[in-house]
Amino acid sequence: MKIRILFVEADLQVRELLLQTVAQQYHATAVRSAEEAVEQLEKEAFDIVVLDLNLPGMSGLDLLQHCPRLKPGIITIAITAHATIETAVEAMKRGATEFLMKPLVPEDLLSSLSVAAERVSRQALSASSGMAPVDIVAESPVMHTLLNQATSIAPFNTTVLVTGETGTGKELIARAIHQHSPRANKPLVALNCAAIPEQLLEDELFGHVKGAFTGAHAARIGRFEQADGGTLFLDEIGDMSLPLQAKLLRVLQEREFEKLGSSRTTKVDVRIVAATSADLEKRVSDGSFRADLYYRLNVVHLRLPALRLRKEDIRPLAQQLMARFCLSAGLPLKSIAPEVWHVLNSYYWPGNVRQLQNAMERAAALSGARLEIQLADLPEEVRGGAEYGVSTPLTDVTLPTVGTAIPTTIPDEGLSYEAVVATVERELLLKSLKKTGGNKVRAAKLLQMKRTTFAEKLKRLQPDSENDLLDEYQAS
Ligand SMILES: Nc1ncnc2c1ncn2[C@@H]1O[C@H](COP(=O)(O)OP(=O)(O)OP(=O)(O)O)[C@@H](O)[C@H]1O
Ligand SMILES: [Mg+2]
């Protein structure tokens, strides 16, 4: 789609320069005044408005304020001949995302526009599915790239594999892909492969004919058929049994299958998006996941990074999640105190965005009539990070992508040894608990530690109740 730009500029020569500069890349219209701009905005859906602040009649500042009312989410860029700090601040307050100085330099204009255009496409992708459209926050470069990839493959029928730790947004991305495909007006059928016992899963996927087995009084349409023309979202694919993996592989290859109890083949046109928080490569190497199925699914692989590896996203996410919650709960919008940011940034977030979401909801609820979220409103385990003397926020520490909290370099200003060690320790304890299904004795054994030492460490990381870590494990 071509981005649509509206220029609002009183000077004819500048108007022509503007139109000429962007003619190749964008679809642009130019008007002379704010009044004409309003008229134009009512008629046509623009993505970006570039306006001179100095306009005859209604002022540029007033127009800035009107723009989002005329079209929510529209991006505005202000032009000015004599920028003072005050006008800049005023324009920003009224929603301008950027400032261009006169005389205009075409390259500057183009570079500002390309940043804005990228935001427009991100917004378009994130106007997600279902009843509650959710904006996908992607401030960090890594999420940015990932969202671009998702946008570019969305229109095709390519199979997509989405992986990432729990709560990183796999389902959100899967839904967005469907929403931005030509299949958007056909069903998106989701199936959680881990939640359904093996024997039932086959029936769920393929359905059966009447009389297929004892108790099959009526025929049943499987998810594959339900999703015909649309998208089938296979969640937790890593947990599918080997026999079913073989059956799924065949459907992916042939696009056809037989319902239980039937010898007739059913043909379907379904796009597959699969997700898992399991390490599929590892499962392939230990034989619990078929390599051929893995390669079938892995046509496009979107790897969602853990939240702690993209700290730039923490703030905008927290703000969005807070706003989402306050809006849905009918609360006034709450702000977040400066000292809280520090803690949010340095925490390890094993439950990723979902955990941040829970923390924000809890904080909003606990803060009562207060309009500002304070440290005390954060869950114990999150505050924990601060108690261990994080004197330097861990924000600036570069984290390796292997998912450990050990910084690759020590920043010039130094870092808190205690905090890093506490984070690593906590990660090990949690991982071990996860692996053993919460069994502390076995978890201790795995870490070659005495049970009592394990319990002690658990307690030290969770001064008030050692069960919080367990809760966290269970919640994840
Ligand atoms: N980038 C994001 N921007 C906005 N909201 C997000 C983002 N990522 C995740 N969320 C929100 O976080 C929550 C968890 O996301 P989602 O259910 O997609 O995660 P998941 O990876 O499927 O988790 P799980 O592995 O536990 O199934 C959702 O409420 C989702 O809307
Ligand atoms: Mg999920």
Side-chain angles (χ1 to χ4, degrees), residues 73 118-119 121-151 160-180 188-196 231-240 272-280 283 301-329 344 349-364 403 430-431 434 471-476:
E118 210 155 312
R119 256 186 63 186
S121 1
R122 257 190 291 157
Q123 280 174 6
L125 176 62
S126 50
S128 185
S129 65
M131 317 133 287
V134 166
D135 274 336
I136 299 182
V137 171
E139 289 293 321
S140 59
V142 34
M143 275 302 283
H144 209 133
T145 311
L146 192 133
L147 220 47
N148 278 339
Q149 285 172 333
T151 323
V160 185
L161 177 62
V162 190
T163 58
E165 285 182 14
T166 180
T168 43
K170 297 185 292 296
E171 178 154 1
L172 191 63
I173 290 286
R175 290 186 180 278
I177 290 173
H178 171 72
Q179 218 52 44
H180 289 82
L188 169 77
V189 176
L191 181 66
N192 185 336
C193 304
I196 298 170
T231 306
L232 180 61
F233 175 48
L234 295 173
D235 206 358
E236 300 304 348
I237 188 98
D239 295 326
M240 193 180 262
I272 306 283
V273 180
T276 182
S277 49
D279 183 345
L280 274 193
R283 295 222 170 161
H301 190 165
L302 300 176
R303 294 170 199 265
L304 279 166
L307 185 56
R308 62 187 160 281
L309 300 176
R310 43 175 162 121
K311 300 218 175 233
E312 300 95 319
D313 290 339
I314 293 180
R315 179 184 275 264
L317 270 172
Q319 275 163 339
Q320 195 214 76
L321 295 167
M322 180 57 72
R324 247 203 266 169
F325 178 73
C326 291
L327 198 71
S328 70
L344 295 184
W349 299 113
N352 296 291
V353 186
R354 182 171 306 103
Q355 192 188 6
L356 178 62
Q357 177 173 23
N358 292 343
M360 289 301 102
E361 295 192 8
R362 190 190 117 115
L430 195 64
K431 279 207 170 135
K434 226 179 200 171
D471 289 346
E472 193 174 294
Y473 149 75
Q474 270 144 6
S476 67

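Counting starts at 1 for both ligands and their atoms, following the listed order. Note that these values count all heavy atoms, side chains included, but never hydrogens, waters or copies made by symmetry.
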At the 4.0 Å heavy-atom cut-off, does Gly167 count as touching ligand 1?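 It does; at least one heavy atom falls under 4.0 Å.
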Does Gln355 reach ligand 1, in the sense of a heavy atom lying below 4.0 Å from it?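 No, Gln355 has no heavy atom closer than 4.0 Å to ligand 1.
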Applying the side chain to side chain contact (heavy atoms under 4.5 Å, CB included) test to Ile177, which of Thr231, Leu172, Leu302, Thr151 qualifies?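 That would be Leu302.
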Pick from Gln319, Met322, Gln355: which one makes a side chain to side chain contact (heavy atoms under 4.5 Å, CB included) with Met360?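 Of the listed options, the one satisfying the test is Met322.
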Tell me whether Lys170 contacts the main-chain N or O of Glu165 through its side chain, where contact means a donor paired with an acceptor under 3.5 Å.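 Here the side-chain-to-backbone pair exists.
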Pick whichever of Asn192, Val137, Val353 has a heavy atom sitting closest to atom 8 (N) of ligand 1.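 Among Asn192, Val137, Val353, the closest heavy atom to atom 8 (N) of ligand 1 belongs to Val353.
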Heavy atoms only: which of Gly169, Gly351, Pro316, Ala138 is nearest to atom 15 (O) of ligand 1?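 Residue with the shortest heavy-atom distance to the ligand atom: Gly169.
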Ligand 1-proximal atoms of Leu317, by part, heavy-atom distance under 4.0 Å: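 Side chain only; the backbone of Leu317 stays clear of ligand 1.
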Applying salt bridge (Lys or Arg N to Asp or Glu O under 4.0 Å), can you list everything that pairs with Arg303, at least two apart in sequence or on another chain?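 With neighbours one apart ignored, the set is Glu281.
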N/O to N/O below 3.5 Å, does that happen between Ser277 and ligand 1?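 No; the residue has no nitrogen or oxygen that sits under 3.5 Å from a nitrogen or oxygen of the ligand.
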Can you find an N/O atom of Glu171 closer than 3.5 Å to an N/O atom of ligand 1?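 Yes, since at least one N or O of Glu171 sits under 3.5 Å from an N or O of ligand 1.
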Which atoms of ligand 1 are found less than 4.0 Å from any heavy atom of [X]?
X	value
Ile136	1 (N), 3 (N)
Gln357	12 (O), 13 (C), 28 (C), 29 (O)
Gln320	4 (C)
Arg324	4 (C), 5 (N), 31 (O)

Using side-chain contact (heavy atoms from CB on, under 4.5 Å) as the criterion, list what pairs up with Ser140, not counting sequence neighbours.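 Per chain and number, Ser140 pairs via side-chain contact (heavy atoms from CB on, under 4.5 Å) with Val142, Met143, Arg310, Glu312, Asp313.
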Report yes if some heavy atom in the side chain of [X] is under 4.5 Å from a heavy atom in the side chain of [Y]; otherwise report no.
X	Y	value
Thr276	Leu234	no
Arg354	Thr168	no
Val353	Leu321	yes

